[in-house]
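The structure appears below as structure tokens.
Just so it is clear, the model here is predicted, and its values are computed rather than measured.
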Amino acid sequence: MFLDTFVLLSANADKGFFDRLNTGDIIAQLGFFLILMLLLKKFAWGPLMGMMDQRAELIANEIDSAEKSRLESHKLLEEQRSLLKEAREDSQSIVENARKQGEAQRQELMTAARAEVGRMKEAATLEIATEKEKAVAAVREEFVSLSILAASKVLGKEISEEDNRALIEETILKAGEGR
Amino acid sequence: MNHENPLVVAFRDTAFEMTFNLSNILMLFVTSLIVFLIAFFATRNLKVKPTGLQNIMEWIMDFVKGIIKNNMDWKTGGQFHILGITLLMFIFVANVLGLPFSITWDHVLWWKSPTADPVITMTLAVMVVVLTHFYSIKLLGFKAYGKSYIKPIPFLAPLKVIEEFANTLTLGLRLYGNIYAGEILIGLLASLGATGALGFAGALLPALAWQGFSIFIGGIQAFIFVMLTMVYMAHKINTDH
């Protein structure tokens, strides 16, 4: 077809060049293509490219914000972890303190109780001693009177009470030492 | 076969005398309309998260973007994106239009692939090559553009000039040859199928196979045309080549 054009061009030299070549087609083709391209640019490719750019931007933003929130959550996590650690340490120290305090209190109570007991024992001992002394004294007195009574009965005579008493007490003491 | 073309001469005997092949005009119009409608309706309701046809359109855009990125850096190549997508869709639709049927009326061929006409494909090729020269001058300046002919060695300059014409011819005629041959074979198979029951049975399978193959060829040729467009463009606007 294309070669025919040239062959026929030489054969029909009287016919014009533009008679044989479809110049109209060429112009129409260029026109159609140009119009199509401009229309598509306006109605199809332009909006589509805008949308694709928008998507690229959106994705970039999303990546940025994801990175940001990742960092933030990491920071929060660290914060929480340190808080937790602190709380654990606090609670441990509180428990430790309580135990120490309890121990101290127990010790104190124990000491107090022991001291009380000691004191009471001492008081009791003291009282017993006093009572004993008192009892011994009473017995001794009684004994002296009885002895005097007995002696006076035996001797039948009254010796001076004073002398007697001194004598008897001396005897008793001597007897006590001799024992 | 051997159908007439509906030629019309306009502005006869004036300086603007020109011949129109009305079937070419019709098919160019149909092709443009189909491409426009596909692209138009595929890009309604654009969503950030694409659905349906928008996916296909975006795939085409990314595909052409890939072709351009293979040849040049996207910063300069971005301006040819729209040209590339439009060329790809236009040529593909033009290639496959002649596949399902051809319509003749009164021995005049009306419906065919517009790219089965060398005038159309050569117009596209010349347009592309002229654009490469235009962008070469625009981006590099006239001096660098002129110098590109005497690089790397001055005595190769004639070859460089021939190369431009060879590029144009091969670009246009490759497309024309592939599509025209496809149409002829389909026409032959169709006329074989029209000879009778036996002929129809014999022609059915080859016709189906060839039509399927022609769709493939139509896609490949559209891809090659856009690819070569970008190759020539890169060759012309890159100084380091």
Practice task
Describe, in one word, how the ring planes of B:Trp210 and B:Phe213 are oriented to each other, choosing from parallel (under 30°), tilted (30 to 60°) and perpendicular (over 60°).
Solution key: tilted
Exercise for the section: Check whether B:Pro50 gets within reach of chain A through its side chain, its backbone, both or neither, counting any heavy atom under 4.5 Å. Expected result: both
Exercise for the section: Select one option (side chain, backbone, both, neither) describing which atoms of A:Ile26 are under 4.5 Å from chain B's heavy atoms. Expected result: both
Problem - Region of A:Ile27 in contact with chain B, defined by heavy-atom distances below 4.5 Å - result: side chain
Handout entry: Close contacts, residues 219-232 of chain B versus chain A, judged by heavy atoms under 4.5 Å
Key = none
Completion exercise
The interface call for A:Gln54 against chain B, heavy-atom contacts under 4.5 Å, is side chain
Practice task
Under 4.5 Å heavy-atom distance to chain A, tell me which part of B:Leu83 shows up: side chain, backbone, both or neither.
Solution key: both
Completion exercise
One should read off an interatomic distance between A:Leu48 CG and B:Ile85 CD1, to the nearest 0.5 angstrom, of 7.5 Å
Distance-only criterion, 3.5 Å: show the donor-acceptor pairs between side-chain atoms of residues 21-29 of chain B and protein atoms not counting sequence neighbours.
residue: B:Asn21; atom: OD1; partner: B:Ser23; partner atom: N; Å: 3.2
residue: B:Asn21; atom: OD1; partner: B:Ser23; partner atom: OG; Å: 3.3
residue: B:Asn24; atom: OD1; partner: B:Lys112; partner atom: NZ; Å: 2.9
residue: B:Asn24; atom: ND2; partner: A:Asp25; partner atom: OD2; Å: 2.7
residue: B:Asn24; atom: ND2; partner: B:Asp117; partner atom: OD2; Å: 2.7

Exercise for the section: Examine whether an atom of A:Met51 lies under 4.5 Å from a heavy atom of chain B, and if so say whether it belongs to the side chain, the backbone or both; otherwise answer neither. Expected result: side chain
Practice task
Answer with side chain, backbone, both or neither: which region of B:Phe90 has an atom nearer than 4.5 Å to a non-hydrogen atom of chain A?
Solution key: side chain
Practice task
Go through the steps to decide whether A:Arg119 and A:Glu122 satisfy the test salt bridge (Lys or Arg N to Asp or Glu O under 4.0 Å), and finish with yes or no.
Solution key: CA-CA 5 Å; A:Arg119 202 170 49 77; A:Glu122 212 154 302; over 6 Å; no
